[in-house]
Structures are given as structure tokens and as C-alpha cells.
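Scroll down for the structure; my scribbles are underneath it.
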Protein chains: 2
Amino acid sequence: MEYYSRHISNLIEQLSRLPGIGAKSAQRLAFHIMNMPKEQVNLLAGAMTQARQKVRYCKNCWTLTDEELCPICKNARRNQNQIMVVENTRDLAAYEKTGKYEGVYHVLHGAISPMLGIGPDEIRLKELMHRLSEQEAEEVIIATNSSLEGETTAMYISKLVKPTGIKVTRIASGVPVGGDLEYIDEVTLLRALEGRVEL
Amino acid sequence: MEYYSRHISNLIEQLSRLPGIGAKSAQRLAFHIMNMPKEQVNLLAGAMTQARQKVRYCKNCWTLTDEELCPICKNARRNQNQIMVVENTRDLAAYEKTGKYEGVYHVLHGAISPMLGIGPDEIRLKELMHRLSEQEAEEVIIATNSSLEGETTAMYISKLVKPTGIKVTRIASGVPVGGDLEYIDEVTLLRALEGRVEL
């Protein structure tokens, strides 16, 4: 790309390596960055390097955090005996946004996927089992995604945890709130039927 | 966002200020960045600050470049007397990609838009007129967008340049190559009709 200066080409190339950012978006972002105030660019670049350098995993629940223990694991008002297992920190954030869940989490950082060659050892399952052997726990709520990988992972965890005598539950699967039955796939409709509750 | 660590929240906030990146995309990008190798993050952050610091405008055509004169203005094999006026550096790049244009450019950095309060003084028009008074020029090709603002700017430039005796042309407007008439708007169809050429 000789028509751009070396620095612009380099920026476009670096940006286009990010997920979901193609050549055109990278170009648009690069020109936006060139027109941003210098301080703003420094803040953005600094936020990246800082976040990447400072962030680490909570040694208890493996979410991304600044300190040895994340704010949720340190919080005495959260029920430390109710552990929700999620695939990643974004899923944890989704449940935190509801503001209603009072237990704690365990972040797997992935799901078992034979297709992608991700086995039980590639995700933080050993850490979950170690945690359950060290602390008292009343319930393990499996909140992996409702995908093939998520379901496989849920089944696997359930088989591992049940023998310990701890209650294992799975979040409900069914028609989303506000969903129109007409547009919902058959598998979900059948799940919703199977999971029906008495009123 | 207490459920994310301070550094992650900060990164998400900085990213979501970029154009076309909403809260969800910013979150996805932030987590991608956290999982990138440290060197890669430094390259990305460095590319931003470097590009913002080092890049300047070509003193002749006002495109973004590293040096006083851009490679196109310095190139003796380009026809320095044929000047294509474009709205921004991305438009210049679009014509450079064709590999067929042999003249040079003038980058306006915008278009006249009474709606947005952008007048002729807000874009690099004075610089164009100054350039035309200093150098010999055979033709000014107006390649602003085919939008209301682009057309307004084209008319304005045409009125300014014509009295100098320099030939002023406008790139053709019509049905795009591969375009299906059925799906093309009426204004474009009429433009294509008006601009018909004899075969």
C-alpha cells in the first residue's frame, strides 16, 4: 500500500488483525485515530498495554481481575457456597448485570469441543474440582452456553461433580422472554416443552 | 461496571469511543486484546501512537504522509499538471488501487455541507486555489462523492476554477459496473441517461 505512508499502513495492518475488523473497517478506524487528539490516542494505547500487563486471573474463580482475589470472591455478602460455572468472563458479566445473582462464579475459559480439539484439560476444570475439594459448596450451577459445546461441557461437569454429593443444577433452556414462538427453532421449542413448569 | 477490573473497564470504555464500535464490540475486542501476546499488544498500541505522532499533511496535496512531500507529489513519472480533487485520503487510496490514474491529487479533507455548518473555508480549498496559482495545471478532475455535499462542493470548485482557464472535469455518475437496473435508484438511473455516450 504505497499510497499510504508507512505509519498509516502499519496501523491499518495492526488493526485489521483484531477480530471482526476487516480491511475497510481497519482503514476507517485508522483515519479516525489520525484525527483524534493526541492525548486521546495515548489514553487508548495506554489502556491496551496497561490492561494486558496488569490483568491476571483470580486465583479462586479464574475471572480476569487486578488482584489476587476478584471483588466477587472477596465479597463477604456473596454466597461463597453457590458456584455458577460459566464459559468466560463476558458470561459472568452478563449475569452480574442482572444484579440478582448472589453466589459466586467459576470461569472455565472455554468449553469442551472435540471438533476444535479442546478437551477437559484445556479448560479450568481441574481448578474447579480442586476448589470443590478445598471449600464447602452447596450447589454448582452450570451456566455454560446452550450450544453443542456448552451442553457437552455441562454433562461432563455434572458427571464429575455429582459423586462428591454437591447439588448440580443447569440453567433453564427455553423460549427467550419476548420471543415469538413462530420464529423460534424446533430444538428450542422442544426444550421449552420438556422444561415446562406447573403454574 | 464493578464486575470487570478497573483496567478492563477502562479499555472497554476507550474502545467504545471509536466509531462503529458499540459496547458489545468493545467488550469483545477488549477480551481479545487481553488474550493477545504482550508483544502483539505493544505493536498495536505503538502503531497508534506512532502513526498519530509522525503523520503530517503533504504540503502540496494535503494527503497524510510521513514527509514534507508525499510519494505521489515527488514522483516525476506522475503528471503533475493533472490534479484530481478528492474529499479524503481514503478516496485517494481508492483511485490509487485502480493503478490506472497517472496524475496527482488534492485532498480537501471534507466537503461543503451547509447542514453540518461546513463552509468552503473549513476544507482545503484555499490551498487548492493557491496551488493552481503557483503551478501550471492542465486539468482539475473533481472526484468528490456523488452525495449532496459532494455535488455542492464540485459545483463550488468548478465556479472557482473555471475563470482561471484551467479545464475542469467531473468523474462520471451512473449505473455501477455489474449493477442491476432493477435495484438502482431513480436519481442514478436519470444520471446514467443524461450522461449517455455514443457507441
Side-chain angles (χ1 to χ4, degrees), chain A residues 1-15 17-21 24-25 27-38 40-56 58 63-67 70-72 88-90 92-93 95-97 105 109, chain B residues 1-15 17-21 24-25 27-38 40-56 58 63-67 70-72 88-90 92-93 95-97 105 109:
Chain A
M1 292 205 283
E2 210 218 303
Y3 36 90
Y4 287 137
S5 83
R6 193 165 46 86
H7 290 106
I8 305 181
S9 300
N10 182 30
L11 177 55
I12 294 175
E13 200 207 309
Q14 293 294 338
L15 287 170
R17 290 186 186 179
L18 294 173
I21 295 188
K24 287 264 169 187
S25 310
Q27 194 176 278
R28 202 174 328 111
L29 283 174
F31 281 98
H32 178 85
I33 290 168
M34 313 295 279
N35 288 313
M36 270 160 62
K38 270 189 191 157
Q40 191 62 42
V41 177
N42 291 339
L43 281 178
L44 173 60
M48 283 181 187
T49 46
Q50 278 284 312
R52 182 64 188 79
Q53 265 164 30
K54 294 286 166 61
V55 162
R56 50 196 267 182
C58 168
T63 190
L64 289 162
T65 186
D66 299 315
E67 290 159 279
C70 75
I72 298 169
N88 56 52
T89 309
R90 293 192 298 283
L92 176 156
Y95 259 101
E96 280 302 284
K97 276 177 198 157
Y105 297 90
H109 292 283
Chain B
M1 289 203 285
E2 210 220 304
Y3 37 88
Y4 286 137
S5 83
R6 192 165 46 86
H7 290 105
I8 305 181
S9 301
N10 182 29
L11 177 56
I12 294 174
E13 201 206 310
Q14 293 292 340
L15 287 170
R17 290 184 184 182
L18 294 173
I21 296 189
K24 286 264 170 187
S25 311
Q27 193 176 277
R28 203 177 324 114
L29 283 175
F31 281 99
H32 177 85
I33 290 168
M34 314 296 278
N35 287 314
M36 268 159 63
K38 269 186 191 158
Q40 191 62 43
V41 177
N42 292 339
L43 281 178
L44 173 60
M48 283 182 187
T49 46
Q50 279 283 313
R52 182 64 188 79
Q53 266 164 29
K54 294 287 166 60
V55 163
R56 51 195 268 181
C58 168
T63 190
L64 290 162
T65 186
D66 299 315
E67 290 160 277
C70 75
I72 298 170
N88 55 52
T89 307
R90 294 192 296 284
L92 176 157
Y95 259 102
E96 280 303 286
K97 276 177 199 157
Y105 298 89
H109 292 282

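Chain naming here is simple, since letters A, B, ... match the order of the sequence lines and numbering starts at 1 in each. All of these numbers come straight from a predicted model, not from anything done at the bench.
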Find out whether Leu18(B) and Leu44(A) are in side-chain contact, i.e. whether some heavy atom of one side chain is under 4.5 Å from a heavy atom of the other. yes
Closest approach of Ala51(A) and Leu11(B), non-hydrogen atoms and distance? CB-CD2, 3.8 Å
Pick one of side chain, backbone, both or neither for Thr89(A), based on which atoms fall under 4.5 Å of a heavy atom in chain B. both
Heavy-atom distances under 4.5 Å only: say whether Glu67(A) touches chain B with side chain, backbone, both or neither. neither
Just give me the residue among His32(B), Glu96(B), Arg52(B), Gln14(B) that pairs up with chain A most often, heavy atom to heavy atom, under 4.5 Å. Arg52(B)
Of the backbone (N, CA, C, O) and the side chain (C-beta and beyond), which part of Leu15(A) lies under 4.5 Å from a heavy atom of chain B, both, or neither? both
Heaviest contributor of heavy-atom pairs below 4.5 Å to chain A, chosen from Lys38(B), Arg28(B), Gln50(B), is Lys38(B)
Shortest non-hydrogen contact from Met48(A) to Val41(B)? O-CG1, 3.7 Å
Looking at Ile21(B), Val55(B), Asn35(B), Asn88(B), which makes the most heavy-atom pairs under 4.5 Å with chain A? Val55(B)
Chain B contacts, top residue of Thr63(A), Asn42(A), Leu29(A) (heavy-atom pairs, under 4.5 Å): Leu29(A)
Please name the pair of heavy atoms, one in Thr49(B) and one in Ala45(A), separated by the smallest distance, quoted to 0.1 Å. CG2-CB, 3.7 Å
Relative to chain B, which segment of Leu64(A) carries a heavy atom at a distance below 4.5 Å: side chain, backbone, both, or neither? both
If we define contacts as heavy-atom pairs under 4.5 Å, which of Ala47(A), Gly20(A), Cys70(A) has the most with chain B? Ala47(A)
How long is the span from the CZ atom in Arg90(A) to the NZ atom in Lys24(B), to the nearest 0.5 Å? 9.5 Å
Non-hydrogen atoms of chain A under 4.5 Å away: do they reach the side chain of Leu92(B), the backbone, both or neither? side chain
Is there side-chain contact between Arg17(A) and Met36(B), with at least one heavy-atom pair below 4.5 Å? no
Polar side-chain atom of Arg6(B) near backbone of Asp66(A) as donor-acceptor pair, under 3.5 Å: no
